[in-house]
There are 2 protein chains.
Amino acid sequence: MKSDIEIALEANMKPIHQIAAQLNLSEEDWEPYGHYKAKLSDQLLNKLLDRKKGKIILTTSINPTPAGEGKSTVTVGLGQALNRLNQRAVIALREPSLGPTMGIKGGAAGGGYSQVVPMQEINLHFTGDIHAITSANNALSAFIDNHIHQGNELNIDPRRISWKRVMDLNDRALREVIVGLGGPVKGVPREDGFNITVASEIMAILCLAKDLTDMKQRLAEIVIGYTYDKKPVQVKQLGVEGALTLLLKDAIKPNLVQTLENTPAIIHGGPFANIAHGCNSVMATNLAAKLGDYVVTEAGFGADLGAEKFLDIKTRAGDLEPDAVVIVATIRALKMHGGMEKGLLESENVEALKDGIGNLKKHMETIHQYGLPFIVAINQFPSDTDREIEFLTQWCEEQGVEVSLTNVFAEGGKGGLDLAEKVMGACEKKTAPMKYIYELEDSIEEKIGKIATNVYGAEGVDFSSKAEKQIRQLKELGFGDLPVCMAKTQYSLSDDPKKLGRPQNFRVTVREIYPSVGAGFLVALTGDVMTMPGLPKQPAALRMDVDDKGIIHGLF
Amino acid sequence: MKSDIEIALEANMKPIHQIAAQLNLSEEDWEPYGHYKAKLSDQLLNKLLDRKKGKIILTTSINPTPAGEGKSTVTVGLGQALNRLNQRAVIALREPSLGPTMGIKGGAAGGGYSQVVPMQEINLHFTGDIHAITSANNALSAFIDNHIHQGNELNIDPRRISWKRVMDLNDRALREVIVGLGGPVKGVPREDGFNITVASEIMAILCLAKDLTDMKQRLAEIVIGYTYDKKPVQVKQLGVEGALTLLLKDAIKPNLVQTLENTPAIIHGGPFANIAHGCNSVMATNLAAKLGDYVVTEAGFGADLGAEKFLDIKTRAGDLEPDAVVIVATIRALKMHGGMEKGLLESENVEALKDGIGNLKKHMETIHQYGLPFIVAINQFPSDTDREIEFLTQWCEEQGVEVSLTNVFAEGGKGGLDLAEKVMGACEKKTAPMKYIYELEDSIEEKIGKIATNVYGAEGVDFSSKAEKQIRQLKELGFGDLPVCMAKTQYSLSDDPKKLGRPQNFRVTVREIYPSVGAGFLVALTGDVMTMPGLPKQPAALRMDVDDKGIIHGLF
């Protein structure tokens with residue numbers, strides 16, 4: 001089969017004005033960025049206030065292998081399938097970060113015949129949103145350091161600055177740095193560090209803001225650190241929320257592209273789901289729901305991460321309760337959860353599949369707890385055997401759960417027709433509103449405890465003494481009522497990436513907790529999870545090239 | 001008078017497809033970026049190979065005040081004036097960096113009624129070129145640190161890495177940093193530093209490359225540092241020139257916008273002229289010359305910096321010899337050079353003007369040495385008095401030099417009609433090819449010496465012992481035949497920003513010299529010039545805002 005980039009470059013794309021026309025958009029509703037990308041006006045939602053919302057379908061997955069479960073691929077394929085069934089479907093995805101693109105993945109815009117295109121643009125700089133966030137984030141850092149250098153009127157304690165710089169790359173050498181060295185003309189030395197941009201609070205703000213005004217208010221609320229007498233310092237005290245908003249005025253506009261089958265796709269915002277809240281923007285999902293009868297959207301990594309945050313954080317920020325959930329599983333990953341070595345996953349092993357299926361079961365239980373109808377989508381791989389497929393589908397049926405074998409990677413929308421029909425059916429089954437896993441009034445410890453026990457299956461939570469102290473301070477500062485964004489490994493239901501399958505008898509350790517007041521949540525760091533990834537020994541970048549004819553190689 | 005952003009927001013812009021049509025471009029020659037910006041195909045030059053080149057007019061200036069001499073404003077105004085005279089003129093400018101925009105200047109796209117628009121886009125992220133350069137530069141840093149962390153096969157000495165990270169901001173705290181702290185999983189600790197992106201070698205490469213293939217070859221040649229046995233390490237050894245080219249594949253395409261009077265403007269590449277080579281891209285100037293009968297382009301800061309580098313570096317990389325030069329001067333700045341305090345420049349003082357005029361005289365002599373016809377353009381300010389103007393014009397006439405009083409800031413192209421007519425005349429006067437200040441075969445010391453004595457008016461050059469050692473090494477490595485890019489303060493002809501006017505009896509100190517092999521020049525650092533600016537106590541950012549209606553404030 002052809003590589004993703006080969007398929008993408010052969011795509012029969014429609015000019016973006018045709019996609020806009022498909023959505024009945026008028027000229028003032030969008031701006032072109034090249035012939036195949038557009039930015040949608042941030043005023044468009046206001047124009048559509050009276051329009052009925054379409055059904056919202058959330059795609060999630062089991063705990064993935066490092067290569068991913070093909071959740072974006074299934075999301076795209078399902079959207080294409082719904083369109084083949086003459087439904088007006090719009091896809092809402094996240095923007096890929098350059099970090100994984102250059103590092104391991106080589107690209108993240110679906111795969112095979114279920115991709116969003118132009119994939120080479122989407123996977124590189126796209127329309128510049130992530131760069132704008134990097135600029136705003138680092139401008140704020142420069143304003144902070146300059147404020148201290150110029151006399152420090154606000155009495156900021158350089159040892160207690162929580163605002164970090166960012167870079168949209170995988171770069172482990174930037175995790176811990178010292179800045180301001182070189183003497184008095186080069187600023188005040190202090191410890192600092194870089195997160196990957198997609199973990200920035202500004203990314204979360206952009207994704208959770210209702211509009212430009214809301215974004216500016218949220219930016220103003222950001223806590224950047226503390227004074228020598230331990231009072232929080234906010235962006236509004238520095239007076240730069242206007243400048244930050246100016247830097248983000250275009251980034252807040254959702255982006256319109258298309259799939260290989262010309263299904264409209266809105267791609268906007270890209271927080272990772274392990275170290276951030278893992279969902280595309282509220283504005284984009286809302287727009288997609290207003291423009292389509294169905295919106296298919298995904299939340300990052302497994303249901304323990306992205307889906308939990310979609311349901312407990314994103315739906316609280318917007319009015320975005322899903323009508324149905326799709327849980328993507330691969331036979332390969334379930335066998336890995338059943339103890340098989342990664343190099344052997346292509347050989348048949350029903351026993352391993354059986355041993356690993358507990359992982360899927362836990363995620364099904366989780367979605368069930370939210371009171372949402374769901375369907376298991378098996379994302380088929382060429383190495384899956386009939387016996388394995390039969391075992392998995394039969395097991396689902398025994399559980400009384402709808403299951404669909406999808407082959408959208410190889411077949412595009414055609415490979416997801418069965419799934420699309422079942423999803424449409426599931427959307428009709430929802431009778432009651434969804435239930436949150438925790439209430440905002442719960443204490444911080446209770447919120448984290450409920451996530452850990454109900455979503456991860458842990459026996460309980462241990463807080464480091466640092467975290468305990470931070471929780472006390474957060475309560476004193478009045479931040480106790482915010483939802484919690486868990487930072488946890490994506491590979492395990494637990495906080496230990498090595499515990500595969502459905503781990504039992506484990507506790508989760510929260511080592512640190514800090515406020516993202518602008519985003520409107522608290523971040524709890526568990527295990528060893530790091531907010532700046534590193535590169536592998538052989539980065540994907542080594543395979544990348546543009547030849548003399550301008551043809552791109554090595555994105556996939 | 002209205003502020004720049006007010007004037008810009010009221011502009012009667014034509015949709016960019018109309019500007020493209022004015023230039024006889026067909027659909028495949030450009031891509032829209034919003035309704036008022038476009039990227040021109042990197043194949044367009046090949047299509048125009050047979051077309052006759054227009055006249056090239058280079059705008060330069062005296063040593064400026066911190067606010068600048070209005071060189072971009074005169075460039076834009078002159079282009080507009082040529083159009084009013086029914087000449088097909090195209091303007092070729094640099095892209096502004098976010099650093100000065102957020103720091104002091106608040107914007108850099110001309111001023112008053114001689115601006116390129118949409119100025120709020122051009123001054124912020126524009127089409128993302130500078131962000132792409134930042135990404136490529138820092139991806140290379142990440143690849144270097146990862147290489148060392150993963151075993152360091154190439155034997156790179158972490159103490160001898162010359163490749164620095166960059167940020168497109170003014171951020172003094174990043175001038176000297178230590179990266180890789182935090183133990184074995186966070187990389188190998190080493191000293192590093194950030195330059196502003198516009199000083200990156202990748203920016204220079206993008207500006208000097210003839211096409212994508214040339215850019216890739218130049219990227220491959222970059223020297224990133226040295227091995228433990230002091231051999232240079234190049235990007236091609238790391239094998240990432242393909243990935244870097246991929247990151248820059250759109251950035252290499254020149255950008256098309258328009259002026260307030262709908263004159264086409266190509267804006268591409270933005271190296272500073274004090275710490276880099278200070279000219280827009282070779283591809284952009286070439287395209288402008290192919291598309292227009294006249295191209296008006298500028299080189300940064302005074303003729304000692306931007307123009308010298310345009311003439312000795314850029315014309316060597318492309319076939320871009322100017323037909324005429326415009327030297328912009330303001331009465332304010334000449335009075336400052338004559339010893340007046342900055343706060344008093346609005347009051348009449350013919351004596352100070354007389355005392356400061358030596359600065360203008362030196363720049364005239366410099367351009368004369370290159371054998372190029374030139375005109376002095378007085379960029380008029382409301383505070384200029386009749387007596388001052390009369391003195392300056394008379395002085396020019398006494399020198400036998402053409403002079404034009406321009407008022408393009410307040411009047412747009414109309415205020416530059418006289419200048420335009422004189423420039424057209426000057427273009428006809430050139431009879432012999434220009435002469436370089438130095439030959440490539442000159443030794444490194446000779447090249448720097450010729451620039452210092454002939455262009456700066458110095459008595460000679462002192463090399464630090466570090467620079468002497470570096471020069472020896474550069475010769476050994478075979479880099480001795482490259483041109484030299486001087487890094488020097490813009491405020492003085494000398495390397496001491498406090499020496500105004502026309503300093504006498506001074507020597508220039510070169511403290512460091514390093515190779516930019518990909519760009520194709522050696523960089524010589526003089527005085528205290530720093531490759532990462534700092535923010536002032538009250539950054540321009542404090543005035544910036546986007547209000548609830550989406551209206552932008554504080555860019556000017």
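Order of the sequence lines sets the chain letters (A, B, ...), proteins ahead of strands, with each chain counted from 1. Note that these values count all heavy atoms, side chains included, but never hydrogens, waters or copies made by symmetry.
- Nearest heavy atoms, B/V185 versus A/R172: O-CD, 3.4 Å.
- In this structure, chain B has heavy atoms under 4.5 Å from both the backbone and the side chain of A/K537.
- The ring-ring contact (aromatic ring centres under 6.0 Å, His included) search around A/H131 returns A/H125, B/H131, not counting sequence neighbours.
- Heavy atoms closer than 4.5 Å to chain B are found in both the backbone and the side chain of A/P32.
- Closest of all the heavy-atom pairs between B/F143 and A/A541 is CZ-CB, 3.3 Å.
- Residue A/H147: no heavy atom, backbone or side chain, is found under 4.5 Å from chain B.
- By the 4.5 Å heavy-atom criterion applied to side chains, B/K186 and A/M532 are not counted as neighbours.
- With a 4.5 Å cut-off on non-hydrogen atoms, A/K39 does not touch chain B at all.
- Across all non-hydrogen atoms, the minimal contact from B/V546 to A/L246 is CG2-CA, 3.4 Å.
- With a 4.5 angstrom heavy-atom cutoff, A/D211 does not touch chain B via any of its atoms.
- The contact between A/L238 and chain B is made entirely by backbone atoms, counting heavy-atom distances below 4.5 Å.
- Looking at A/N146, its side chain does come within 3.5 Å of a backbone N or O of B/P536 through a donor-acceptor pair.
- Most heavy-atom pairs under 4.5 Å with chain B, from the set A/V240, A/L174, A/L212: that is A/L174.
- Using a 4.5 Å cut-off between heavy atoms, A/F194 touches chain B through its side chain atoms alone.
- For the pair A/E121 and B/D250, the tightest heavy-atom approach, listed with the atom from each and the gap, is OE1-OD2, 3.4 Å.
- Ranked by heavy-atom pairs shorter than 4.5 Å toward chain B, the options A/I552, A/L98, A/N170 are led by A/I552.
- For the set A/G187, A/G128, A/S135, A/G534, the entry with the most heavy-atom pairs within less than 4.5 Å of chain B is A/S135.
- Across every non-hydrogen atom of A/L169 and B/A139, the tightest pair is CD1-N, 3.4 Å.
- In plain terms, the two heavy atoms of B/G182 and A/E176 that are nearest each other are CA-OE1, 3.4 Å.
- Interface remark: B/L124 contributes side-chain atoms only to the contact with chain A (heavy atom separation under 4.5 Å).
- With a 4.5 angstrom heavy-atom cutoff, A/D145 touches chain B only via side-chain atoms.
- One finds the CD atom of B/Q150 at 8.0 Å from the CG atom of A/L535 (value rounded to the nearest 0.5 Å).
- For the pair B/W30 and A/H35, the minimum side-chain heavy-atom distance is 4.5 Å or more.
- Once rounded to the nearest 0.5 Å, the distance linking CD1 of A/I178 with CD of B/E191 reads 11.0 Å.
- The contact between A/R165 and chain B is made entirely by side chain atoms (from C-beta outward), counting heavy-atom distances below 4.5 Å.
- Chain B forms the most heavy-atom pairs under 4.5 Å with one residue out of A/T245, A/L247, A/L542, and that residue is A/L247.
- A search for ring-ring contact (aromatic ring centres under 6.0 Å, His included) contacts involving A/F126 returns nothing, not counting sequence neighbours.
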